[in-house]
Amino acid sequence: MTSGQHMRDHGEHCVSAEDLVVRYRVRTREEVPGRRRPRTTTKDVHAVSGVTFHIAAGEIVGFLGPNGAGKTSVMKCLSGLLRPTAGHVRVLGQTPHKRASGLLKRITMVMGQRNQLLWDLPAMDTFLANKAIYGIPPARFERILGELTDVLRLSDLVGKPVRQLSLGERGRCELAAALLHEPAVLFLDEPTLGLDVEGQQAVRRFLNHYRERHRATVLLTSHDMTDIVEVADRVMLIDGGRVRYQGNLRQLVEELAPEVVIRFRAADEPPASFFQGTPATWRDGDQTCVRVPRPLVTAVVTRLLSEWNIADLVVEPPAVEEVLRKLITEGRAPDGPARGASSGSPRA
């Protein structure tokens with residue numbers, strides 16, 4: 001591959017999937033009346049059904065979907081742990097399941113429910129083992145370890161046996177072990193799963209720091225919507241093995257929550273007719289609340305401030321976290337670019 005081709009792969013589509021299909025053969029046993037032995041049958045389960053997306057270098061993409069939607073299967077294909085049944089995946093211009101050492105040294109996968117740390121030994125022993133595995137020169141190892149220790153606050157942890165660490169402390173050490181070789185692409189499957197608040201915050205801070213420092217590309221799954229809101233540039237929703245939505249967070253919120261709430265206090269209450277055509281008004285303590293379609297917000301606020309004695313006024317947009325939870329739990333995605341959406345969307 002020429003250097004120009006490599007730059008196009010790395011710059012335009014650092015990570016991509018084209019019509020990705022993952023199918024598992026599952027064996028089931030069924031008790032049948034009158035038979036001494038259960039009947040064994042096999043069936044094909046489609047975990048992923050024709051998924052297409054592209055991720056640019058330096059992007060952090062939130063990968064959303066309910067349990068069993070196919071997220072982990074996609075991540076395993078991208079990291080080379082699973083060979084696609086059909087379709088193609090490319091990471092840094094290479095095919096992951098071929099397990100080329102040059103690619104494996106530039107990617108990493110962190111699964112929140114898995115443990116690579118040596119249980120009865122200090123975390124530092126795992127770090128040293130990874131240093132040898134990846135052939136990290138001593139000076140570079142010390143530099144990277146120092147950076148990880150500082151940002152993830154590991155100085156008091158690396159010398160303790162792993163079994164003595166809390167779940168949050170182990171999670172931070174797991175992340176450090178996975179990033180010692182300074183990968184260009186990170187596949188993070190529930191990296192904050194089970195972490196305490198301090199651990200979650202440390203991981204989020206670190207991901208933003210690492211991306212800015214290394215221009216790394218990150219595909220992140222999480223059931224904690226705060227992870228997505230604070231870290232991701234854009235989101236992809238997968239459900240039933242198919243990508244249902246790809247787009248910018250701000251656009252997603254505007255499409256799923258087309259109204260905002262205006263809260264205000266006034267010496268004289270505007271009559272109900274003032275808000276004619278708005279969906280709802282109500283009282284919240286000494287405040288009046290009115291739900292207004294986004295296109296009408298400026299006009300309503302201007303009239304309120306010019307025609308009434310307003311003590312204070314706040315325009316309250318819907319919480320992004322609640323919108324994302326609604327998207328996942330109800331599976332109601334807007335009509336957006338579900339296939340091959342353009343990458344490089346600005347952060348919301």
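Of the N and O atoms on the side chains of D227 and T192, at least one donor lies less than 3.5 Å from an acceptor on the other residue.
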**OP:** Report the C-alpha separation of E169 and K160 in whole Å, then their side-chain angles, then the decisive distance to 0.1 Å, and conclude whether the salt bridge (charged side-chain N to carboxylate O under 4.0 Å, His left out) test is met.
**Re:** CA-CA 11 Å; E169 292 169 343; K160 295 181 180 180; 5.1 Å; no
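Residues satisfying the side chain to side chain contact (heavy atoms under 4.5 Å, CB included) test with R265, not counting sequence neighbours, are D286, Q287, A311, D312. Among residues two or more places apart in sequence or in another chain, the salt bridge (charged side-chain N to carboxylate O under 4.0 Å, His left out) test is passed with R39 by none. Scanning for side chain to side chain contact (heavy atoms under 4.5 Å, CB included) contacts around A202 gives R172, R205, with sequence neighbours left out. The side chain to side chain contact (heavy atoms under 4.5 Å, CB included) search around T28 returns V26, T41, not counting sequence neighbours. Taking H214 as the reference, Y210 meet the ring-ring contact (aromatic ring centres under 6.0 Å, His included) condition, with sequence neighbours excluded. Checked against salt bridge (charged side-chain N to carboxylate O under 4.0 Å, His left out), R242 has no partners two or more places apart in sequence or in another chain. With sequence neighbours left out, E147 forms a salt bridge (charged side-chain N to carboxylate O under 4.0 Å, His left out) with R213. With sequence neighbours excluded, no residue forms a salt bridge (charged side-chain N to carboxylate O under 4.0 Å, His left out) with R83. Residues satisfying the ring-ring contact (aromatic ring centres under 6.0 Å, His included) test with Y134, not counting sequence neighbours, are H181.
Applying the salt bridge (Lys or Arg N to Asp or Glu O under 4.0 Å) test to every pair with at least one member in residues 117-139, sequence neighbours left out, gives these pairs: D120-R163. Under the ring pair (Phe, Tyr, Trp, His ring centres under 6.0 Å) criterion, no residue pair touches residues 69-108, with sequence neighbours excluded.
The two residues N130 and I136 come nearest to each other via the heavy atoms O-CD1, 4.3 Å. Shown here for Q116 and A177, the closest heavy-atom pair between the two residues is NE2-CB, 3.6 Å. Across all their heavy atoms, R99 and S79 have their closest contact at NH1-O, 3.3 Å. Taking all atoms of both residues into account, the shortest heavy-atom contact from G241 to V51 is O-CG2, 3.3 Å.
Taking a 4.5 Å side-chain heavy-atom cut-off between Ile, Leu, Val, Met, Phe, Trp and Tyr, the cluster of L121 extends to L118.
Under the 4.0 Å criterion applied to side-chain N and carboxylate O atoms, E30 and R35 are not assigned as salt-bridge partners.
With hydrogens and angles ignored, the 3.5 Å screen pairs a side-chain donor or acceptor of T221 with a backbone N or O of E190. At distances below 3.5 Å, not a single donor-acceptor pair connects side-chain atoms of T40 with backbone N or O atoms of R29. Side-chain N or O atoms of R90 include one that pairs as donor or acceptor with a backbone N or O of G93 at under 3.5 Å. Formation of a donor-acceptor pair under 3.5 Å by the R211 side chain with backbone atoms of G58 is found in this model. Within the 3.5 Å criterion, the main-chain N or O of P66 finds a donor-acceptor partner in the side chain of K71.
Using a 4.5 Å cut-off on side-chain heavy atoms (C-beta onward), R153 and F206 make no contact.
Atoms CG and CG, from L152 and L157 in turn, are 9.5 Å apart once rounded to the nearest 0.5 Å.
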